[in-house]
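These notes are about the structure you will find just below.
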2 protein chains.
Amino acid sequence: MKTYRSYAAGDTILWRGEPLEFVASVVSGVAALSKTLEDGRTQMVGLLLPSDFIGRPGRRQIEFDVTATSEVTLCCFERRPFERLVEETPNVAQRLMELALDELDAARDWMLLLGRKTAREKIATFIEMLARRSNPDGTADPSRLALPMTRDQIANYLGLTLETVSRQFSALKKDGIIDFTDRRSFTVTDLAALHDETGDDADGGIVP
Amino acid sequence: MKTYRSYAAGDTILWRGEPLEFVASVVSGVAALSKTLEDGRTQMVGLLLPSDFIGRPGRRQIEFDVTATSEVTLCCFERRPFERLVEETPNVAQRLMELALDELDAARDWMLLLGRKTAREKIATFIEMLARRSNPDGTADPSRLALPMTRDQIANYLGLTLETVSRQFSALKKDGIIDFTDRRSFTVTDLAALHDETGDDADGGIVP
DNA sequence: CCCCAACTTTGACCCAGATCAACGTATGCC
DNA sequence: GGCATACGTTGATCTGGGTCAAAGTTGGGG
């Protein structure tokens, strides 16, 4: 009833429209949801990290491709028993609802980024997201970071080209905001300056 | 326990971060969810049509502004009794889940549009969406359509400027694909040609 | 160890769409 | 009815980021 599957970086896990016989949760690695136009332009529309979920109650297929960004291990369940579980246990249904709402919030931030931010703001936002994710509490040294994907994948994530991504990384380095140790890992030299580059509102609304 | 509220076009219904004492469903009119950067650039991140819902179980505030695009009437419930209702009736919880997943699918299509489509493709996609919405079955004459918003709002929706929106409408008119009867309503002269301009994949995946 | 393929950087150039500006055209209010 | 205001169109110009091209870098396999 519960099986594990592994995928190498770059593998396609699911094609758009493929009937979903399983639901799965990510055990390790990073997978991406993406959509493609008829001429091949693609845009990532979601990122799956460990504990994230593929497949939804009542949906028999998905409207996007799922590919492994790094090596990925999934924990898969058959759809039927899973749906029975959801119907019988309100807590599970509620948890799935929370996951969906979190994804929706993330999608909306991402829409603001795609529609209105400049290339530099997109890269700064991306780095800040990495920093926050790898250091949720703001306690430990947040400066050393590893890029979880190639320039090309970052471009797909941010609605840019890989050349622009590369140039913006170089520019942030030249401006003393980040510093590369090797091409997949770097340190954030000036976190406050980085935040100033994101274009984001100082912070949230009315609450004190 | 159930009250109605009305808002004029342009009114702000809720500010980002404002504590949510009510949940509501749209009775009539169109409302928009939008996010703003520190320098004032804004991007719509959701559109609320009649029967759509504001407020989520377990969320006490929202991360975006809600404004009335046209005159809007909401049907409001107090949050507490509503949450009790959700907990007690699985059908309601399930329905809310479906709404959230539909919004998520819509958000992902929109991300593809914002990140990768050209101005012309964005406008064509927008018009096609209007056509589909006002004529869900493809039966009646789909050609006569009314724009539910100003050029400025359309630009905010599509991640463009109002000038570009205006120019693209003019271009589609010049190319004989649409024809304006007045500046808020037009007919689609050539639906197939319109679809060819959207950039969208012919249609979906593997299913026959 | 070296070579090959995949990834990355950098440069030169171009163009879609933003910006700035000016001029129509509806709509409601006095 | 006429004026004020918001909305819309069109033109001229500028520019951020895309495109094309070429030259580094690096890590894994033979």
Side-chain angles (χ1 to χ4, degrees), chain A residues 8-11 37 39-43 67-71 113-126 146-175 178-186 197 199, chain B residues 8-11 37 39-43 67-71 113-126 146-175 178-186 197 199:
Chain A
D11 284 2
L37 295 175
D39 65 358
R41 283 170 285 169
T42 78
Q43 174 64 54
T67 48
T69 295
S70 62
E71 192 172 301
L113 176 145
L114 291 172
R116 296 297 180 196
K117 288 191 178 182
T118 65
R120 176 177 260 245
E121 287 168 345
K122 286 176 175 180
I123 296 288
T125 304
F126 177 70
L147 288 174
M149 30 174 115
T150 67
R151 302 290 185 272
D152 189 46
Q153 290 167 331
I154 295 169
N156 263 351
Y157 186 87
L158 299 173
L160 297 170
T161 60
L162 67 94
E163 293 94 330
T164 299
V165 170
S166 178
R167 274 189 254 269
Q168 294 299 331
F169 276 130
S170 299
L172 287 175
K173 176 175 178 174
K174 187 164 67 62
D175 295 348
I178 61 176
D179 194 25
F180 277 86
T181 55
D182 99 48
R183 68 175 148 174
R184 294 295 282 271
S185 62
F186 61 95
E197 299 290 345
Chain B
D11 283 3
L37 295 173
D39 65 358
R41 283 169 287 168
T42 78
Q43 174 65 54
T67 48
T69 294
S70 62
E71 193 172 302
L113 176 146
L114 291 173
R116 295 299 180 196
K117 287 191 179 182
T118 65
R120 176 178 261 244
E121 287 167 345
K122 286 176 175 181
I123 296 288
T125 304
F126 177 70
L147 289 174
M149 31 174 113
T150 66
R151 302 291 185 272
D152 189 45
Q153 290 168 331
I154 295 169
N156 263 350
Y157 186 88
L158 298 173
L160 297 170
T161 59
L162 67 95
E163 293 95 330
T164 298
V165 170
S166 179
R167 272 188 255 269
Q168 294 299 333
F169 275 129
S170 300
L172 287 174
K173 176 174 178 174
K174 186 164 67 63
D175 294 348
I178 61 176
D179 195 25
F180 277 85
T181 55
D182 100 49
R183 68 176 148 174
R184 293 296 280 273
S185 61
F186 61 96
E197 299 289 344

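All chains are named by letter (A, B, ...) in the order of the sequence lines, taking the proteins before the strands, and each is independently numbered beginning at 1.
Here the side chain of Thr125(B) pairs a donor or acceptor atom with the backbone of Glu121(B) at under 3.5 angstrom. Using a distance-only test at 3.5 Å, with no hydrogens or angles considered, a donor-acceptor pair links the side chain of Arg116(B) to the main chain of Leu160(A). At distances below 3.5 Å, at least one donor-acceptor pair connects side-chain atoms of Ser170(B) with backbone N or O atoms of Ser166(B).
Computed from coordinates, the Arg120(A) CZ to dG16(D) P distance equals 12 Å when rounded to whole Å. Rounded to an integer number of Å, the gap from Ile154(B) CD1 to dC7(D) C1' is 12 Å. Note: CD (Glu163(A)) to C1' (dC13(C)) measures 13 Å, nearest angstrom. dG17(D) atom P lies 18 Å from atom CZ of Arg151(A), rounded to whole Å. Here the C1' atom of nucleotide dG24(D) and the CZ atom of Arg183(A) are 9 Å apart, to the nearest Å. Whole-Å rounding puts the Arg41(B) CZ to dG17(C) P distance at 18 Å. Nucleotide dG17(D) holds its C1' atom 9 Å from the CD atom of Gln168(A), rounded to whole Å. The CZ atom of Phe180(A) sits 13 Å away from the C1' atom of dC7(C) (whole-angstrom rounding).
Counting atom types as modelled, Arg167(A) pairs no side-chain N or O with a base atom of dG16(D) as donor and acceptor under 3.5 Å. On a pure distance criterion of 3.5 Å, no polar donor-acceptor pair joins the side chain of Gln153(B) and the base of dC7(D).
Leu160(B) comes within 4.0 angstrom of sugar-phosphate atoms only, judged by non-hydrogen atoms across all strands, and of no base. Among the heavy atoms of the strands lying under 4.0 Å from Gly159(A) are primed sugar atoms or P, OP1, OP2 only; no base atom is included.
For Thr164(A) and Asp182(A), each mapped to the nucleotide of DNA chain D holding its nearest heavy atom, the one lying further toward the 5' end belongs to Thr164(A). Two residues, Asp152(A) and Arg116(A), neighbour DNA chain C, and the one matched to the more 5' nucleotide by heavy-atom proximity is Asp152(A).
Using cut-offs of 30° and 60° on the angle between ring planes, the pair Phe186(A) and Phe169(A) is tilted.
Across dC7(C), dT9(C), dT9(D), the shortest atom-to-atom separation from the side chain of Ser166(B) is found for dT9(D). Among dT25(C), dA18(C), dC20(C), the nucleotide with an atom closest to any side-chain atom of Thr161(B) is dA18(C).
When all heavy atoms of Tyr157(B) and Gln43(B) are compared, the closest pair comes out as O-NE2, 3.2 Å.
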